[in-house]
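Accompanying notes for the structure given below.
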Amino acid sequence: MDKTDPKSNRGNGGETHQQATGNTSTLTTQQGAPIADDQNSLKAGARGPTLMEDHILREKLFHFDHERIPERVVHARGFGAHGYFETTETLEDVTSADIFQRKGERTPAFVRFSTVAGSKGSADLARDVRGFAVKLYTKEGNWDIVGNNIPVFFIQDAIKFPDLVHSVKEEPDRGFPQAQSAHDNFWDFASLMPESMHMLMWQMSDRTIPRSFRFMEGFGVHSFRLVDKDGKSQFVKFHWKPKQGMQSVLWDEALKINGADPDFHRRDLWNAINQGDYPEWELGLQIFDDEFAEKFEFDVLDATKLIPEEQVPIRIVGRLVLDRVVSNFFAETEQVAFCTQNIVKGIDHSNDPLLQGRNFSYLDTQLKRLGGPNFTHIPINAPKCPMHHFQQDGHMAMRNPTGRANYEPNSWGEEEGGPREDPARGFESYPEDVSGPKVRERSETFADHYSQARQFYISQTETEQQHIISAFSFELSKVKRPAIRERMVSHLLNIDQQLAEKVAERLGVEPLPAPAEAAMPTRQDLPVSDKLSILKNTLVSFKGRKMGVLMTDGYDADIYHHLENLLKGEGALCKVVAPHAGEIKSNKGDVLTVDEKIDGGPSVLFDAVMILPGIDSVETLLQIPNAITFVSDAFNHNKFIGYIESAMPLLAKAGIVEMLDEGCLQLDSGETAAEFITKCRNLRYWQRAS
Ligand code: HDD
């Protein structure tokens, strides 16, 4: 290339982009005019000022300057994927919803998972509720189930939502902390809102640090209504049950994962789908009638309460499969607009005051976020069934009614008159009797704030209870004002004495405060509900999980390949972690590509680990601090650890040789490898923790 050519500064080592990519399409302006030079602006002389005349530069900068849209006011950080919902049981007996009428029918779906508090660029493993929003493109209109991975909510009335969100987000004077509830403002608000106690128990449990989106449940939270073709109605709660089972990480892992891979959850979903390991959830319905609602211990319109599955069993009616990643994050994941008011005939809202407020808020927020009333023209939001209406114009209108008539009724006849109502097919609200004085009041039936919080706590395994105690202690230790800590302890005393005492001890709250004044005493008679625990419901399987194998040159090829094959058979992944990137060579001379250099692949990124140094090269690992923490962290996080004899010096340096337990296994034969995988199916060796 001629260095004196003023156009030689093209980047890519002097190649044009077309040459570098082999792409033959021509770069154009937004107006479609081909561009000859995208490297240099138009100037008066090579060293002179840029000319205003440069329409190509101006168009490019104009567009770039306007690339951002407001992030969601909550749930800003999210990740979406496409898939389908398959009806596995017809429901004509309880609803006229078209999606449930034909067994085996598939309905396109889009799902967005999210955290709540953090900004768009925050880390995935914040301790936070996860959003689980599902858009079902049914043949009779879009139906959105905008849920969370927790079946209850912090507040009972939508009027408190802005306060809740303000309190958990960054404190307004200083602009931090980011994506954390561990600060004064959140706990100040929460401790003044006894109705949040049940949700706080869930928030402080392992539910809020899921291993991945694939391993969490989803809930529609509110009671909705199902309405059948004769107008008869029953209540319903929606549940998504992961076929992969449930799994969470430890808090210490969450903190470390955030450093090692802040995109851990989105990368996991992206990789799983691209590898053909499609995550799947069953849709379960809890259906109950007005009679049950009347006699149930709590108000079914109160979003801080759940109905234990033991009381109303779940009926599985379909499955949701995610089988396609987005092709453009902004176009799909960022622009998708979920709205609780997107329901279809056969489904209806209930009078839950939280839901009623949401039905305003979601539509309203899209106007701000997406810039106008035509956001349903964006492909990800558009129904996939025919739609005809007289709504017109506005910013960015892509579809306007055609023909003469843009109003209704009209007398323009079939051709020109446009769409007409269809009383038989159209949406009908359930004609519930409603009357009452206009009041700003909370129903007395919403007043019990502690009983289900207690039921949740006593339903957990001892390990899970320990995690809850630790989480409360950690979060409240970040609170600076002692009165807030004390107030929280006084609430915990209404939930469980031991829980309160342990948290108080760790916070140095002494003496114990008096229990908080309660509108209703805590019920001691609610039974343990096993379904509320993650660990009591662990699916014994290593499918979809990841083994990290710490290796060096000279590794034993037989052991590695045997393990790798077993993992493949299990539907799990095997990742090579080594002191250097590139390749490593086995004792037989064959070569493996390294997946992670040790400092980029700590054991927190894996579900179980294997330590497989070359016979003579464990010394290399002993010199690397990250190799030592790879082992000690895996042990402290109760992971299953496989090792070969020559790894012993590393285990010794990690301080675990004296403590080797049933969760650690020396592999020396095919049989022991199989035994190791069988152990790994339990996901964690929790006995180590106790
Ligand atoms: Fe909400 C977003 C879930 C109460 C107002 N919410 C949002 C998202 C999820 C939920 C999953 C993200 C959707 C997406 O991925 O785009 N929200 C819930 C659940 C609630 C809840 C399960 C209680 C049961 N939300 C709630 C209330 C209000 C809102 C009470 C207001 C009165 N939520 C919003 C919002 C957001 C939102 C401000 C922000 C972005 C958006 O809607 O599209 O309108």
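With 3.5 Å as the limit, one finds no donor-acceptor pair spanning the side chains of Q180 and R127. In this model, a donor atom of one side chain and an acceptor atom of the other lie less than 3.5 Å apart for D299 and T445. Donor-acceptor pairing under 3.5 Å is recorded for the side chains of Q524 and R454. Looking at T340 and N359, their side chains do bring a donor and an acceptor atom within 3.5 Å of each other.
Side-chain contact between P210 and M246 is absent, with no heavy-atom pair separated by less than 4.5 Å. A heavy-atom distance below 4.5 Å is not found between the side chains of D348 and E428. Contact annotation: the side chain of W202 approaches that of L532 to within less than 4.5 Å [non-hydrogen atoms, C-beta and beyond].
Between W240 and F219, the ring centre distance reaches or exceeds 6.0 Å. With ring centers used as reference points, F215 lies 6.0 Å or more from W281.
The pair R72-E334 counts as a salt bridge, with a side-chain nitrogen and a carboxylate oxygen less than 4.0 angstrom apart. We find that E464 and K536 are not joined by a salt bridge, their nearest charged nitrogen and carboxylate oxygen being 4.0 Å or further apart. Taking the charged nitrogens against the carboxylate oxygens, E217 and K241 do have a contact shorter than 4.0 Å, which makes a salt bridge. Between R174 and E171, at least one side-chain N (NZ, or NE/NH1/NH2) sits under 4.0 Å from a carboxylate O, which counts as a salt bridge. Ionic pairing of R523 and D448 is not present here: no N-O contact between side-chain nitrogen and carboxylate oxygen is shorter than 4.0 angstrom. A salt bridge does not link K345 with D228: none of the charged nitrogens is closer than 4.0 Å to a carboxylate oxygen. The existence of a salt bridge linking R425 and E140 is confirmed by a sub-4.0 Å separation between a basic side-chain nitrogen and an acidic carboxylate oxygen. Salt bridge status for K232 with D230: absent, with no side-chain N to carboxylate O gap under 4.0 Å. Taking 4.0 Å as the cut-off between side-chain N and carboxylate O, R225 and D290 count as a salt-bridged pair. Ion pairing between a basic and an acidic side chain is recognised when a charged N comes within 4.0 Å of a carboxylate O; R481 and D184 show no such pairing.
The shortest non-hydrogen separation linking A516 to Y450 is CB-OH, 3.7 Å. Residues A337 and L370 come closest through the heavy atom pair CB-CD1, 3.9 Å.
For the side chain to side chain donor-acceptor pair (under 3.5 Å) test, residues two or more places apart in sequence or in another chain that qualify with Q203 are S181. With sequence neighbours excluded, the residues satisfying side chain to side chain donor-acceptor pair (under 3.5 Å) with D163 are K160. With sequence neighbours excluded, the residues forming a side chain to side chain donor-acceptor pair (under 3.5 Å) with E332 are H82, S327, listed by chain and number.
Taking the six-membered ring for Trp and thresholds of 30 and 60 degrees, F238 and F224 have ring planes inclined between 30 and 60 degrees apart. In this structure, F296 and F292 have parallel ring planes: the angle between them is below the 30° cut-off, well short of the 60° mark.
The environment of F360 atom CZ is sparse: at most 12 non-hydrogen atoms of other residues, nucleotides or ligands sit within 6.0 angstrom. In R68, the CZ atom is not crowded: 12 or fewer heavy atoms of neighbouring residues, nucleotides or ligands sit closer than 6.0 Å.
The side chain to side chain donor-acceptor pair (under 3.5 Å) test with S191 is passed by exactly one of R485, R487, E486: R487. The side chain to side chain contact (heavy atoms under 4.5 Å, CB included) with K135 is formed by just one residue from the set V336, V111, I380; it is V336.
Note that R112 lies outside the cation-pi zone of F79, set by a 6.0 Å cut-off to the ring centre and a 45° limit from the axis.
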